[in-house]
Amino acid sequence: MNASSSSPANETEDLQPAFRYDAALADRIEIGWQRRWSEQGVYEAPNPSGPLGNQDADDRPKLFVMDMFPYPSGSGLHVGHPLGYIGTDVFARYKRMTGHNVLHTMGYDAFGLPAEEHARQTGEHPRVNTETNIANMQRQLDRLGLGHDKRRSIATTDVAYYRWTQWIFLQIFQSWYDVESGRARPIAELEDLFEKGDRLTSDGRAWLEMDSTEKRRELDQWRLAYLGEAPVNWCPALGTVLANEEVTAEGRSDRGNYPVFRRPMKQWMMRITAYADRLLEDLDRLDWTDSIKTMQRNWIGRSEGAQISFATSPGPTIEVFTTRPDTLFGTTAMVLAPEHPLVDALTPDVWPENTPHQWTGDAATPSEAVANYRRQVSELTDLERQENQTKTGVYVGAHCSVPVNDLQVPIFIADYVLMGYGTGAVMSVPGEDQRDWDFANEFGIDIIRTVQPPSDFDGEAYVGEGPAINSDFLNGLYIEDAKRSMIDWLEREGHGARTVTYKLRDWLFSRQRYWGEPFPIVYDDTGLALAVPEDQLPVELPELIDWAPRALDEESDPEPPLGRANDWVEANYDLGNGEFSYKRELNTMPQWAGSCWYYLRYLDPSNEERFVDPVIEKYWMTDSAGGVGGVDLYVGGVEHAVLHLLYARFWHKVLYDLNHVSGPEPFQRLYNQGYIQAAAYQDERGVYVEAEEVEESSGEYFYKQSRVTRTFGKMGKSLKNSITPDEMYTAYGADTLRLYEMFMGPLDQDRPWETKSVVGSHRLLQRVWRNLIDENTGETTVVDSPPPDALRRLSHRTIEAVADAMEGLRFNSAIARITELNNELSRSAERVPREVAESMILMLGPLVPHIAEELWERLGNTNSIVHSRFPEADPELLVDESLEIPVQINGKVRSRIVVASDSNDEALQEAALSDGRVKELLSGKEIRKVIVIPKKLVNVVVS
RNA sequence: GCCCGGGUGGUGGAAUGGCAGACACGGAGGAUUCAAAAUCCUUUGCCCUCACGGGCGUGCGGGUUCAAAUCCCGCCCCGGGCACCA
């Protein structure tokens, strides 16, 4: 160990002490402990019973901490991916050290399009590719030292898993929503009710008069999973239909940004709308952020109002939904969606006399006008429709009657009225609705105000509060009262009723893809669906040579690839009347299916009798504090606000209604982690250049001598700004990466990655190491003597602050406080007393488990730090005997005084006023008031 | 347009009515070194001052209070969500 070696190659090696905490030592420590932890199963959380059960009664409180499980991408991880995983790991480790039985694991949401695309390009089976990707991702995650119970890991593509996804589908299929009791019930109970005549069938026909096929058709209409003929989102480029939630506002596919067309097709639907109110109400009981709750509320889109019937001159009655029944007296037109089913019946052969020319769309007859307009509308994309704010439409040539005053108003079709919302028909009240105002303006329609605007109002439609005018019996009433009176009148006179409408639509549940769960459904020659018996599950995916969806266009029909598995499409089952051959359902489930219940399978992953054992489910999913229960902490990205989180809540509620789970909600507390952003650089053409090769010089950025501009964005391939965890392991080790990611800022905030700052976190670990370990021998330098009083107090204050920060997921603050304690140890020339050293190591345990475990062992402990107790602050040591407190004069700090911490107000005031500097500044001033805040400050108010 | 977040030094951030800028990165200076890296020490919001000290300061304007980054009112800017939803 001397520096006089002549060979430069050996020099660094000679200078470097053998036990300096550097990347190489970190690597040895981390790999070693990961192996030992794995061998000893330290992260295994016992169940109350079953194969993962613990013979010894475990009376620790349970805690279920979960990440949103990832799709196993083939491109590997960058440092942005594991941010949330590290956060949950730190929290789970902290809770384990405070005496909780913590369930923390990770699985894979492995069905989905990329594996199928990969298969189409390479010919490799999606399962092979998926398993390769999972193995690779698992390796990257393992290196981070995440404390997962590996026994509980699942992938949604496991046959043993999707068997139960299919089973849950069957529970939903074999249920109906009983509005009277407000919950799902088995379909057999509905059959009973029909049988006894206690319930009316959908069209009022007597059950006993129906033949068996008619009975089946009747029951099928009530199921929570049903085949519906509805306009769906057909995406030819993906060869599949999509859920509303998967289509962007621009009318393109969420994935891939391909055009999506609305077409009626027969598809599997989930009756999520039956749960709209409960999904809405139960949000109040969840510990989620307001922004996510708001997004879900908006998506469900509940509006209260009235349904009103308008009689028409040709005969059919038009039903309208409105949130403003109080404005009925202002109705001067009726506007239907162009595809409204009554339009044809309302359209006469010739224009009525005196039809204004501008209403006719230049057409010779009403039906020509309607046909022309419909064609014109269908040629617009959704985006063009939205951008085109000028109102268009045509008169259909008929009138209807406003029920409250028998005013005859013209009926139009216009594309600003959407078929998908309400009844697809709008009573047009231009005075009180800006869209109707704009329409009335285009077509010269009368405008009648029904709410008195303030005298200074100079806008067009008036949507604000005010007394009703021009409204007969409503005149003078304010909006809420006027609405109530009008609805009362409508109900009394039989012209309408109070109604609630939702934006939420039923969930379109089938996809024309290969790599998804097959439906456990077959068809007999009636064409009606039949459940595959539970004991015949799983229905396994067949082997295929050609996985691709057929290249398709807007006009063609979707063609499920499973239809090409000739040996599979027909199957023999005994469904209670002997064995027959049936045709299989060829669609597969959407990717969301598997993620709707994976948290339940974590609890009891190997159960072959049930999807989860009820005792085990109750143990992990019940909240002893009386909350809704479910996962105690669920961390993931905000992008799942309305997709996964709404679907999973829906499934959970169905399972709850059917007594398969013990609580009404799956996720008690939801936390959205932020994203790691990174600088990205563009050249003058706007092309992204490799961020790693960009150099900074006095505030400007250069790539190969040419100037580039800097922006910040999500880390990834497209911005060429990815940093991989592997690069960080090589340079610093996993503990440093964990520490840096947690130190960058609060978990829920986006934050910019700065590789050059990582070294700060590495230095902290080096200093901790050096304070406790002799870098030359590797022996600990701690001493067994008790710490000086001041140090002991500091360490207890640190414990208090760190524990508090850990509880609140403020890991950045926890790290700052530990740093302060360690800085104090560095400053002192004394060796570190064991008591303080051990506290500090234990506090570091959740954040940087490997180095903490290593130090713990080097200090002579034989038990693992993973299950050691987190230190507890002694309240008596949190208060110092004396305090330094500031003295303000008129709110500005002018001096500080040192006082006994138990000084009373009088003593504090006395001490402050007798302070030399304060006396000096107060001379010649009149003291008006002295504010004393015990232990905080003294403020002297002078004139 | 509507609904949520957010705006604090050169940078990430701390403080949720009581000392603004903890902790860290970066910068400056120093020690060590033949030299460098690493490490260690000092310093670092802005302005005035040799200094002691003083003034200003949490997006902008106003208010409440002995005291405001924090609470209230009005605006500006940034990010996200929804959007012809009757």
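Every chain is numbered from 1, with letters handed out A, B, ... down the list of sequences.
Rounded to whole Å, the separation between the C1' atoms of U70(B) and G6(B) comes to 15 Å. With both ends at atom P, the span from G57(B) to A20(B) equals 13 Å, rounded to whole Å. C25(B) sits 15 Å from A14(B) when the C1' atoms are compared, rounded to a whole Å. Across the C1' atoms, G74(B) and G81(B) are found 25 Å apart, a figure rounded to whole Å. Separating the C1' atom of G61(B) from that of C52(B) is a span of 37 Å, rounded to the nearest Å. Atom name C1', nucleotides C46(B) and U8(B): the rounded distance is 14 Å, in whole Å. When the P atom is used for both G1(B) and A69(B), the distance is 32 Å, rounded to whole Å. Comparing A68(B) with G55(B), their P atoms are spaced 15 Å from each other, to the whole Å.
Taking a pair to require two hydrogen-bonding distances under 3.5 Å in either a Watson-Crick or a G-U wobble arrangement, G45(B) pairs with C56(B). Remark: U39(B) base-pairs with A31(B). Criterion, Watson-Crick or G-U wobble with two distances under 3.5 Å. Under the Watson-Crick and G-U wobble criteria, each requiring two contacts below 3.5 Å, nucleotide C71(B) is paired to G63(B). Across all strands shown, G1(B) forms a Watson-Crick or G-U wobble pair with C82(B), both key distances being under 3.5 Å. The base-pairing partner of U16(B), taking Watson-Crick or G-U wobble contacts with both distances under 3.5 Å, does not exist among the strands shown. In this structure, A51(B) forms no base pair with any nucleotide, since neither Watson-Crick nor G-U wobble geometry is met with both distances under 3.5 Å. C25(B) and G10(B) make up a base pair, with Watson-Crick or G-U wobble contacts both under 3.5 Å.
Glycosidic conformation, G30(B): anti, with the torsion outside 90° of 0.
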_Base versus backbone protein contacts along nucleotides 5-11 of chain B [heavy-atom cut-off under 4.0 Å; B, S, -]_ = ------S

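Side-chain atoms of Thr819(A) lie closest to A24(B) of the nucleotides A24(B), A14(B), A86(B). Of the candidates C66(B), C84(B), G13(B), the closest approach to any side-chain atom of Tyr416(A) belongs to C84(B). Of all nucleotides listed (G18(B), G55(B), C25(B)), C25(B) comes nearest to the side chain of Ser757(A). In this structure, the nucleotide among C25(B), G18(B), A24(B) sitting nearest to the side chain of Asn823(A) is A24(B). You'll find that the side chain of Arg20(A) is closest to A38(B), out of A38(B), C23(B), A15(B). Taking every side-chain heavy atom of Lys503(A) into account, C82(B) is the closest of A86(B), G26(B), C82(B). Side-chain proximity of Phe743(A) to A20(B), C84(B), C23(B): nearest is C23(B). Of all nucleotides listed (A22(B), C66(B), A14(B)), A14(B) comes nearest to the side chain of Ser813(A). Comparing A24(B), A86(B), C66(B) by their closest approach to the side chain of Val941(A) singles out C66(B). Of the candidates C19(B), G13(B), C66(B), G13(B) carries the atom nearest the Pro746(A) side chain, counting heavy atoms from C-beta on.
Computed from coordinates, the Asn812(A) CG to C25(B) P distance equals 15 Å when rounded to whole Å. Between Arg928(A) atom CZ and A67(B) atom P there is a gap of 10 Å when expressed in whole angstrom units. Spacing between atom CG of Asp22(A) and atom P of U39(B) amounts to 11 Å, rounded to whole angstrom units. Here U39(B) presents its P atom at 8 Å from NE2 of His762(A), a figure rounded to the nearest Å. One can place CE of Met742(A) at 19 Å from P of A24(B), the figure rounded to the nearest angstrom. Look at CG on Asn672(A): it is 17 Å from P on C4(B), rounded to the nearest Å. What separates CZ of Phe19(A) from P of U39(B) is a distance of 20 Å, to the nearest Å. In this entry the distance linking CD of Gln673(A) with P of G80(B) reads 17 Å, nearest Å.
Contact annotation: Asn890(A) does not reach the phosphate of A67(B) (side-chain N/O to OP1 or OP2, under 4.0 Å). The side chain of Arg763(A) contributes an N or O atom lying less than 4.0 Å from OP1 or OP2 of C25(B). Between Gln888(A) and G18(B), a side-chain N or O to OP1/OP2 separation shorter than 4.0 Å is absent. Of the side-chain N and O atoms in Arg767(A), one or more sit less than 4.0 angstrom from OP1 or OP2 of C40(B).
Residue Phe19(A) holds its CZ atom at 9.5 Å from CD1 of Ile773(A), rounded to the nearest 0.5 Å. Rounding to the nearest 0.5 Å gives a distance of 10.0 Å between CE of Met840(A) and OG1 of Thr798(A).
Taking Glu775(A) as the reference, Arg20(A), Arg770(A) meet the salt bridge (Lys or Arg N to Asp or Glu O under 4.0 Å) condition, with sequence neighbours excluded.
Mapping Asn939(A) and Asp750(A) onto RNA chain B by nearest heavy atom places Asp750(A) closer to the 5' end of the strand. Mapping Met295(A) and Arg894(A) onto RNA chain B by nearest heavy atom places Arg894(A) closer to the 5' end of the strand.
Among the heavy atoms of the strands lying under 4.0 Å from Ser303(A) are primed sugar atoms or P, OP1, OP2 only; no base atom is included. Across all strands shown, Arg770(A) has heavy atoms under 4.0 Å from sugar-phosphate atoms exclusively, and none from any base.
The two residues Ala641(A) and Ile292(A) come nearest to each other via the heavy atoms CB-CD1, 3.5 Å.
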*asked:* What verdict does the salt bridge (charged side-chain N to carboxylate O under 4.0 Å, His left out) test give for Arg302(A) and Glu304(A), after you've listed the backbone C-alpha separation in whole Å, the side-chain angles of each residue and the deciding distance to 0.1 Å?
replied: CA-CA 7 Å; Arg302(A) 183 181 202 273; Glu304(A) 289 182 21; 2.7 Å; yes

*Could you walk me through whether Arg810(A) and Asp748(A) pass the salt bridge (charged side-chain N to carboxylate O under 4.0 Å, His left out) test, one step at a time?*
CA-CA 10 Å; Arg810(A) 295 186 309 274; Asp748(A) 58 353; over 6 Å; no

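Two residues are said to be in side-chain contact when any heavy atoms from C-beta on lie closer than 4.5 Å; Val941(A) and Gln888(A) fail this criterion.
At a cut-off of 3.5 Å, with distance as the only test, a side-chain donor of Asp436(A) or Tyr416(A) sits close to an acceptor on the other residue. Ser471(A) and Asp326(A) form no side-chain donor-acceptor contact under 3.5 Å, judged by distance and modelled atom types alone. There is a side-chain donor-acceptor pair under 3.5 Å between Ser303(A) and Tyr421(A).
The environment of CD in Glu465(A) is crowded: more than 12 heavy-atom neighbours from other residues, nucleotides or ligands sit within 6.0 Å.
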